[in-house]
Every structure is written in structure tokens, then in C-alpha cells.
Protein chains: 2
Amino acid sequence: MAVSLKDIARRAGVSQATVSNVVNGYRPVGEATRARVQQAIDELGYTPNLSARHLRRGRTGIIALAIPELNNPYFAELADAAIRAATKRGYTLLLDYTDGDRDKELLVADGFRAQIIDGLILSAVHLNRDDIASRTSETPMVLVGEAIYHAPYDHVVIDNLAASREAMRHLIALGRRRIAFIGAHIEANRAPSLLRLRGYTEALAAAGLPFDPDLTVTTSGFGRGDGAAGMRALLTLAQPPDAVFAFNDLIALGAIRALHDHGLRVPDDVSVIGIDDVEEGRFSIPTLTTISPDKEMIGRLAVEKLLDRIEGRPAGPPAEFQPPFRLVVRESAPAA
Amino acid sequence: MAVSLKDIARRAGVSQATVSNVVNGYRPVGEATRARVQQAIDELGYTPNLSARHLRRGRTGIIALAIPELNNPYFAELADAAIRAATKRGYTLLLDYTDGDRDKELLVADGFRAQIIDGLILSAVHLNRDDIASRTSETPMVLVGEAIYHAPYDHVVIDNLAASREAMRHLIALGRRRIAFIGAHIEANRAPSLLRLRGYTEALAAAGLPFDPDLTVTTSGFGRGDGAAGMRALLTLAQPPDAVFAFNDLIALGAIRALHDHGLRVPDDVSVIGIDDVEEGRFSIPTLTTISPDKEMIGRLAVEKLLDRIEGRPAGPPAEFQPPFRLVVRESAPAA
DNA sequence: CTCGGTCTGTATAACGTTATAGAGCGAAGG
DNA sequence: CCTTCGCTCTATAACGTTATACAGACCGAG
């Protein structure tokens, strides 16, 4: 650990600058000296001190991915993809939580840890366009997910409107007519689920089905417990739903559990569909029909776009990138 | 971002050293100058450059937690606890994956990223005591989990023998007599599940039940798919089991799914118990009886012990720390 | 008073790297 | 034969901290 550039320089009988050039290939070095330096490096087992390099270069080689929580397997799988992509490009990815807390999201976006990171991939829940617009930090940023649209940053997100419509079309094709939506979040300046909700209402309209406000349930979070609570609320209705379109898989799984507790069977009595395609839904009872976004591509794209900005590659104006998704039909809403 | 110590010093009309002392409190500073410096800091919005600080101090303030995979919610929850503990103590926690790959585990233990981290918390699957003993890296390390015992490092792990015995006692008290174990890993120099397996056999013996080798199933991984495959294998036996003790919750959940596919009911036909208490098991159908280790404490303790070593606090010889666990009885193996 | 000792503060040398300016030195061009 | 390159390489100044050595001022003790 204690072996530095200076040691190599002395050993090989050259200047520190030359060693640096051998290591970084920034300027050409003669064949003979290069070999001598390389040999010294191998013999002494030299690795560059990153703190020093970064102090000098102004970059750290670390990028951050800020997600609401790790306990949601969707984010765990997304983080997985992003970490792999970053590692492949020689960067280290740091995971940050926001706990779905607005203040923490603001803090992260505004340069918390800016000293340590070269760039940020932000998956926000609460922030809106204005929050993002008033950001002061210079750190490059890429947005991921549904919360913020049309901000002056690259944005990676699936076509939520199309995804929701497809999920709804599937339920409607099954002959369902009272379809509930669990997971709406209608608050001032906050629109994480607006597109999915719009896909829901538009699909109803397209099928000539009435929109019943009672069938749209807001939740405070995005977990199994929220889904279960939402479902319980729906079951108190005079006319309970015959299908559920959930904002995500965890909510769907919670809803299934609540239905089970209520003595109702899925899919016989109620069909359920989610979004995310987390692994859990491939083993749950029943298995979960869902919209499967290409998580690997989301993570990879977010990292690539961010590195383009960091490394100053010509990237053009901020754009929105839409990875593909597909409907995965399983037991909770089987083919008609 | 460009505001440095020097700027503050100039603004406050003092030396850089004094500013440093105000920031770090390393040496006393007079009340009047302290106030003046603090005001300059607030006005200019100064934050220390971490690369420079770490170059000088020789530490980075980053510790790593190396886990097999993030997709296993147990590790996600553990990581969560560790990150919170590290943040609280002023450190940043970096997550590293080993993919359950032996070479990657060796790489991580042997100082991959040693330049960037002050210490390492390693949750290994494949490494054994000899691997760890031949480690060359000087970076402080703390071990977490079942793989390695009696290595010269602090080790945080629940009492797996006691935990397994308690799980088994519960199944036996239910009247089960053919209890299977899914998730054994019997390989040369590799003993992740040895203690849990021993708890299984000892509990059988203590209850006067015969040990049937056919009822011990090895798996290649620790996921839902492995559990399902293991269960399917057990169901081909002439005398299938009437209960399953799974190495962890994911395996248990996979086993439940396989039982369901086979037309068997849990817990009526077969009781199932796991270890980990992941959130999923509180909503699955049926909900999962499990051994719940204190994950928050595991994460916190691992971080604290590591920081003790890093910061040179007197910590004594390497020791083993055993956070508590408790049996959580749910539907898959309800109270008798 | 003088001498040691505490208190505050300053000046400056590291930490290990990279970027910049320039030095030597043959070869090519006039 | 003297320039003027082009090619390697060197010397050295940063980057922003913190640690060390030291300098005054003040105070109580002798």
C-alpha cells in the first residue's frame, strides 16, 4: 500500500512524470523506458492512490444511484443492473437512500456528497419539475422513473402510458368490468403515478367502461402493506371490484394477500396485475401477472448517459429514453 | 464548490491552519477568531474537499459491505441497517457484490478497492478459514454470516446451532416426524450451512427421530428457484416429508410454491419453516414461519466493530458476536 | 524582573498524483 | 553549418487538506 509513484520512478531511474505517463498513457513514452517502468511496477506491486489522483484530476470515479429504498426488490434489481454497468465502465457506484422522503431527495439532488461523486442517477418519488429546475449543484444528473418529466436532464423511463393501457387491455379482455387502481398518489406538485393512472382511465374510456372514483385508491407508500390496506378499503365497497391494476408488484402482492384473507380467490373472483416483474411474483401463490420493464436496460442506459455527460462526450440536449416493456401473463390474471 | 480552505482563511484574515482547527476541533481556537472563521464559512458555503482530506489523512471515510447479491431481500435488509449505522458514524458505505462467486470473494477480501476503502465487512459464501488466513491485505475486516468461523477477525453471526434447534423443536412439537432440510451445501472446504445442518440432525436425535439422508437436499444457490427444485426432488421420494426446514426464507418460499404445484397444502399436509424473516414472508400465502435474526443489530454491530479497528480504538482480540434471534410463528407452521 | 509554562496563532512541509513548461538531442531542411 | 522540428524525457508547480515546528503574548511563580 505504501508503494507510490516516486518509488517506481526511483527504481526505474526515471521521473515521476514518466511513470504517470506509462500508467495513464496520456503522452507517449519510449519503448525501452516503458518496459523498465512496467517492470518496476510489477515488481513493487504499485497501484495508484485514488485520493491523490482524484484530488489532482477533480474527479473521483464514483457515481451515485439514489433510490427510495432497497427493500423494494424492484430497486434492488435496478441497482444491480446499474452497478454492473458502472463497474464495466471503470466506475464505482454508490447507493444512496432517500427513504421516499422529500427532504432527503432534495438534499441528494442538491449536492449532498457532491464532493465525493462525479454524477448522480436519481430515482425520485416526491420531487417535481420545479424542485429540479431550482437545483444549484453542478454535478451531472440523470433521472430515472416516473416522478419528473420534462426536466432539463436525461431521463430514462418506460412508456408508462402505454404500459398501463396494455395492462388494462389485458384485464378488460378477460371480461372484467369493475377494475380498481391501487397506488394513486394525487398530491399537489407530485405526480409519480399520474401517467399510470391516466393509462387506467383512458383504457376504461376506450373500452366504454364507466370510471368509478371509488375504485381508485391512494396509498401512502409503495409496499405490500400499502397494497393490502388499499385492497381492504376496496372490499368495504357495496360493489367491490372484479379486478385490480396495481401501481407496482408489491402493492399487487399485498392486495392478493388481503383478498385471500377476505376469502376471495385470485384469479377466480378477482384478477390482479402489477408492474415491475420482481422475482417474487414468479413464485408467489398465485404467480403474478405483470408488466415487465427491461430493468437491465434502464440501469445500463442511465449509467451510460450519465458517463457521457461526466466525460464530456457530445450528448446533445437532454432527452427521454424509453426502454421496452412487455406483458407477462401468469396465474393472477391468466390468458382468457 | 470551488470555495476552499484558503478562501476562508483570506476572508477571515487568519491562517489556513486556524480554519482547519475550527473545522476539525483538533486544537483549541480562541472564541473571537472561531466566530469570525465560522461566519466566513457560512457566508461562502464552504465544505471540505474530501479527496484532499483523505489524501492527507490516509483514510477515505468509505467502508465496503460485500454481499453475495442484492436480490436476496435478507441482504438488502442487512445492507439497509449497515448503511444507516455507517451514515450515523460519519462514514459512507459502499456496496459490493460477489455474486456468490468464489473468485470474486477472494478478490474482495484481498484488497480489491483497498485504495478507496478504509475497511470491509464481508459476507462470504464460499471462503473458508484458510482463504481468510492467507489474506495479504492490511485493510481491517469484519466477517458477517455463516461461512467462516474461528478466523482472526471479528465475526458477527447469530447462534446458528441454537436457531436451528429451535426451528426444529417447533416442527417436532407440531407432531411432524419426517422433516426435510433443504439448502445443505456439503463441499470440500465449504461450510456455510454446516451449523444449521448440525442443528437439524441434533434436534432429530434429541427427539428420538431417525436421520434419513434422503431428506437432506443440497442446493446450488440460496434462491426461490433452488428451494422449489429441492422440494420437487423430495416429492419424488416414496415417503415424502411432512415438514420442511429450509436454510433460509427464499428457499422456504420456493418450497411452498413447489408443494402448491404438487397439490399439497401448507401447513395441512406439510409444515414449512425458514430463517431470515424477510418481509415477503409476512404477506406470502401462507405467511411464513421463520427464525428472525436481529438484522438491524447485525448490521450495526458489524459497522461498529469495523470502525473500532479502523479508528484504532482498543478492541481486544478478534471475537465473535451473537445478535439475538427469535422464532416467529405464522401460517406455514402455526402453533400446535 | 526573569524564567518556565500555557494559550493562540502562523508558516510551511508534507500526502501522491497530474499538467505544464521546458531541456536535450538527433534528424531533416535550408 | 545553423535553424527548426519532433521526440522523449525531466523538473516542478499545483490540487486542498492536515500535522509539525515555531513565534509571540500573557501569566504566575520564584
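In what follows, every chain begins at residue 1, and chains take the letters A, B, ... in the order their sequences are listed.
Nearest nucleotide to the A/Asn49 side chain, out of C/dG16, C/dT10, C/dA13: C/dG16. Proximity note for A/Pro28 (side chain, C-beta onward) versus D/dT10, D/dT8, D/dT18: the nearest is D/dT8. You'll find that the side chain of A/Leu55 is closest to D/dG16, out of C/dT18, D/dT17, D/dG16. Relative to the side chain of B/Asn24, the nucleotides C/dT18, D/dT18, C/dG16 differ in distance, and D/dT18 lies closest.
For the pair B/Gln16 CD and C/dA14 C1', the interatomic distance rounds to 13 Å; values are reported in whole Å. Distance CD (B/Glu31) to P (C/dC7): 15 Å, rounded to an integer number of Å. In this structure, A/Lys6 atom NZ and D/dT12 atom P are separated by 13 Å, rounded to whole Å.
Place A/Leu5 and B/Val29 on DNA chain C by their nearest nucleotides, and B/Val29 ends up nearer the 5' end.
Taking only side-chain nitrogens and oxygens, B/Ser20 never comes nearer than 4.0 Å to OP1 or OP2 of D/dT17. Listed pair A/Ser4 / C/dG16 fails the phosphate criterion, with no side-chain N or O lying under 4.0 Å from OP1 or OP2. For D/dG16, neither phosphate oxygen OP1 nor OP2 lies less than 4.0 angstrom from any side-chain nitrogen or oxygen of B/Arg53.
Ion pair A/Asp99/B/Arg84 flagged as a salt bridge, since at least one NZ, NE, NH1 or NH2 atom sits closer than 4.0 Å to an Asp/Glu carboxylate oxygen. Salt bridge status for B/Lys295 with B/Asp80: absent, with no side-chain N to carboxylate O gap under 4.0 Å.
If you check every strand for non-hydrogen atoms under 4.0 Å, A/Thr33 touches sugar and phosphate atoms only.
The base of D/dA14 lies close enough to the side chain of A/Arg56 for a donor and an acceptor atom to sit less than 3.5 Å apart.
Side chains of A/Pro73 and B/Pro73 form no contact here, defined as non-hydrogen atoms less than 4.5 Å apart. No side-chain heavy atom of B/Lys104 sits less than 4.5 Å from a side-chain heavy atom of B/Arg102.
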